[in-house]
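Working notes for the structure below.
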Amino acid sequence: MCSDRGGDSGSSNVFSMFEQSQIQEYKEAFTIIDQNRDGIISKDDLRDVLASMGQINVKNEELEAMVKEASGPINFTVFLTMFGEKLKGADPEDVIVAAFKILDPEATGSIKKEFLQELLTTQCDRFSPEEVIHGARFQTFPPDVAGNVDYKNICYVITHGEEKEE
């Protein structure tokens with residue numbers, strides 16, 4: 001967390017942290033989340049967008065905690081600043097790919113959907129099976145016909161915030 005004493009200080013710089021294509025992607029995401037189109041992401045906006053992704057029983061406390069991550073109303077500049085702060089702490093793409101490669105001893109560039117699903121539901125910050133199946137995880141990164149998930153694409157999206165164009 002960074003302390004922001006001057007209200008908007010430091011945010012004028014936020015646009016220089018991203019490439020123009022990334023800013024456009026974040027703007028599109030912001031527009032999707034801002035369900036009522038008032039220019040501010042509210043608790044109700046979050047509830048609606050999460051419901052559209054299959055997470056229908058999100059508690060008010062969880063939504064309030066999400067909104068409180070910002071120091072004030074979440075307009076696009078604040079939204080972008082929050083992503084910039086989150087990405088600052090992210091590992092570089094090659095480090096994340098190297099971590100996935102441990103799960104891919106044959107260096108295929110992908111791992112079985114079932115194996116990834118098992119890891120997501122049994123290790124560390126566990127997801128429920130419903131969150132994995134009905135959430136955006138496999139909708140964003142669908143497996144191929146053999147049931148393999150391209151982890152290099154996942155790593156790219158984690159570090160760049162947009163899908164890799166091939």
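For this chain, numbers begin at 1 and follow the sequence in order.
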* Flag if over 12 foreign heavy atoms under 6.0 Å of CG, Asp144 -> yes
* Is there side-chain contact between Asp44 and Gln35, with heavy atoms separated by less than 4.5 Å? ->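 No, every pair of side-chain atoms sits at 4.5 Å or beyond.
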* Drop me the distance from Arg47's CZ to Lys59's NZ, to the nearest 0.5 angstrom. =>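 Arg47 atom CZ to Lys59 atom NZ measures 13.0 Å (nearest 0.5 Å).
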Please report the closest heavy-atom contact between [X] and [Y], naming both atoms and the distance.
| X | Y | result |
| --- | --- | --- |
| Ala146 | Lys112 | O-NZ, 2.8 Å |
| Asp104 | Gly109 | OD2-N, 2.8 Å |
| Phe30 | Ile74 | CE1-O, 3.6 Å |
| Asp45 | Asp38 | OD2-OD1, 4.3 Å |
| Gly147 | Glu114 | O-OE1, 4.3 Å |
| Leu103 | Ile111 | O-CG2, 3.7 Å |

* For Lys43, which of Glu69, Glu61, Glu64 qualifies under salt bridge (charged side-chain N to carboxylate O under 4.0 Å, His left out)? -> Glu64
* **Asn75 side-chain N/O to Ile40 backbone N/O, donor-acceptor pair under 3.5 Å** =>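 No, because the side chain of Asn75 does not come within donor-acceptor range (under 3.5 Å) of the backbone of Ile40.
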* Asked: Would you find a donor on one side and an acceptor on the other, under 3.5 Å apart, between the side chain of Glu28 and the backbone of Glu25?
  ->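 Pair absent, no side-chain N/O of Glu28 close to backbone of Glu25.
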* Asked: Does a side-chain N-to-carboxylate-O contact under 4.0 Å join Arg37 and Asp34?
  -> no
* Consider only side-chain heavy atoms of I, L, V, M, F, W and Y, link residues closer than 4.5 Å, and tell whether Ile56 and Val49 are in one cluster. =>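 No.
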* Examine Lys27 relative to Phe76 and say whether NZ or CZ is less than 6.0 Å from the centre of the six-membered ring and inside a 45° cone about the ring axis. =>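 Geometry flag: set, cation within 6.0 Å and 45°.
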